[in-house]
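What follows is a short report on a single structure.
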Amino acid sequence: MTKKIMIIDDSFTIRKTAEGFLKETEYELILVENGYEALTKIMDLKPDLILCDLNMPKLEGFEMCKILKQNEEYEDIPIIILSSSNGLLDISKGKLNGCDDYLIKPFKKEILLEVIKKYLK
């Protein structure tokens with residue numbers, strides 16, 4: 001069974017970069033540009049892992065993480081926050097809101113694949 005990865009980022013460049021890094025893998029990719037659209041698609045498509053931008057309009061990554069982790073149906077989906085901020089405060093806030101990991105943008109293909117494999121064994 002093919003694992004589904006949802007990539008949520010308001011940046012077209014980041015979505016396409018992640019897609020380019022993952023296109024030759026066995027994963028099915030779901031690209032989404034905002035948090036509200038993502039919530040609907042998460043309910044319909046039930047991804048196995050979520051890569052989520054931290055700073056998005058309308059619904060930021062921490063809020064999305066908090067919403068999903070408080071719902072029994074989605075709490076087990078690993079959520080990796082993507083951010084250009086490498087501050088200890090943001091990383092700590094991510095953990096407090098239930099994110100499973102934190103990647104600093106721009107990220108390298110090898111690091112992205114390593115983090116994904118860690119959660120999708």
Side-chain angles (χ1 to χ4, degrees):
M1 182 178 206
T2 303
K3 301 278 187 172
K4 294 181 269 189
I5 298 175
M6 181 175 285
I7 303 165
I8 311 164
D9 202 304
D10 58 327
S11 165
F12 176 80
T13 303
I14 295 296
R15 285 193 314 273
K16 289 313 233 178
T17 299
E19 180 183 37
F21 288 168
L22 299 172
K23 71 180 176 186
E24 294 181 15
T25 64
E26 70 274 14
Y27 306 118
E28 176 184 335
L29 304 177
I30 306 159
L31 304 179
V32 184
E33 73 177 74
N34 67 64
Y36 286 130
E37 178 187 354
L39 286 177
T40 303
K41 288 190 176 201
I42 289 166
M43 288 183 246
D44 292 339
L45 303 173
K46 304 237 183 347
D48 298 290
L49 182 134
I50 297 171
L51 299 170
C52 183
D53 185 20
L54 175 59
N55 295 311
M56 294 182 291
K58 299 180 186 174
L59 186 63
E60 65 153 356
F62 290 148
E63 285 301 311
M64 173 164 310
C65 191
K66 188 174 182 179
I67 289 167
L68 294 173
K69 293 299 183 173
Q70 290 177 349
N71 185 310
E72 287 181 15
E73 192 169 344
Y74 309 109
E75 68 185 355
D76 293 331
I77 299 173
I79 301 173
I80 303 2
I81 292 290
L82 306 175
S83 178
S84 54
S85 170
N86 64 354
L88 186 58
L89 183 60
D90 280 339
I91 294 170
S92 298
K93 189 175 176 184
K95 293 291 182 188
L96 288 173
N97 283 288
C99 82
D100 296 279
D101 223 317
Y102 196 97
L103 278 180
I104 307 300
K105 294 190 266 186
F107 43 83
K108 294 182 180 189
K109 179 179 181 177
E110 298 78 27
I111 293 171
L112 179 63
L113 290 171
E114 182 179 307
V115 169
I116 289 170
K117 286 178 185 176
K118 177 179 171 182
Y119 294 99
L120 295 181
K121 296 176 185 168

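As the structure is a computational prediction, the values presented were derived from the model and not from experiment.
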- Task: Might you work through the salt bridge (charged side-chain N to carboxylate O under 4.0 Å, His left out) test for Asp9 and Lys105, ending with a clear yes or no?
- Result: CA-CA 12 Å; Asp9 202 304; Lys105 294 190 266 186; 3.1 Å; yes
Rounded to the nearest 0.5 Å, how far apart are [atom1] of [X] and [atom2] of [Y]?
X: Leu31; Y: Phe12; atom1: CG; atom2: CZ; result: 9.0 Å
X: Ile14; Y: Ile8; atom1: CD1; atom2: CD1; result: 14.0 Å
X: Lys46; Y: Met6; atom1: NZ; atom2: CE; result: 11.0 Å
X: Met56; Y: Glu33; atom1: CE; atom2: CD; result: 10.5 Å
X: Lys66; Y: Cys99; atom1: NZ; atom2: SG; result: 13.5 Å
X: Leu68; Y: Glu63; atom1: CG; atom2: CD; result: 11.0 Å

State, to 0.1 Å, how close [X] and [Y] come at their nearest heavy-atom pair, and which atoms those are.
X: Gly61; Y: Cys52; result: CA-SG, 3.7 Å
X: Phe21; Y: Lys109; result: O-CE, 3.4 Å
X: Ile7; Y: Ala18; result: CD1-CB, 3.8 Å

- Note on the structure: The residue among Lys95, Lys118, Lys69 that forms salt bridge (charged side-chain N to carboxylate O under 4.0 Å, His left out) with Asp100 is Lys69
Do [X] and [Y] have side chains that approach each other closer than 4.5 Å (heavy atoms only, starting at C-beta)?
X: Pro47; Y: Ile42; result: yes
X: Tyr27; Y: Leu120; result: yes
X: Ser83; Y: Asp53; result: no

Cluster question for you: counting only ILVMFWY and a side-chain heavy-atom cut-off of under 4.5 Å, with indirect links fine, are [X] and [Y] together?
X: Met64; Y: Ile80; result: no
X: Phe107; Y: Leu51; result: yes
X: Leu113; Y: Tyr102; result: no
X: Ile111; Y: Leu82; result: yes
X: Ile79; Y: Met43; result: yes

- Item | Exam field: side chain Lys4 to backbone Leu45, donor-acceptor pair closer than 3.5 Å | yes
- Take Ile30 and Ile5, measure what side-chain contact (heavy atoms from CB on, under 4.5 Å) needs, and give me the verdict at the end. CA-CA 6 Å; Ile30 306 159; Ile5 298 175; over 6 Å; no
- Task: State whether Lys16 and Glu19 are salt-bridged, where the test is any N-O pair (Lys NZ or Arg NE/NH1/NH2 against Asp/Glu carboxylate O) under 4.0 Å.
- Result: yes
- Item | Residues Glu37 and Lys41 bridged, charged N to O under 4.0 Å | yes
- Between Val115 and Leu103, does a side-chain contact (heavy atoms from CB on, under 4.5 Å) hold up when you go through it step by step? CA-CA 9 Å; Val115 169; Leu103 278 180; 3.8 Å; yes
- Message: For Glu26, I'd like to know if atom CD has over 12 heavy atoms of other residues, nucleotides or ligands within 6.0 Å.
- Response: yes
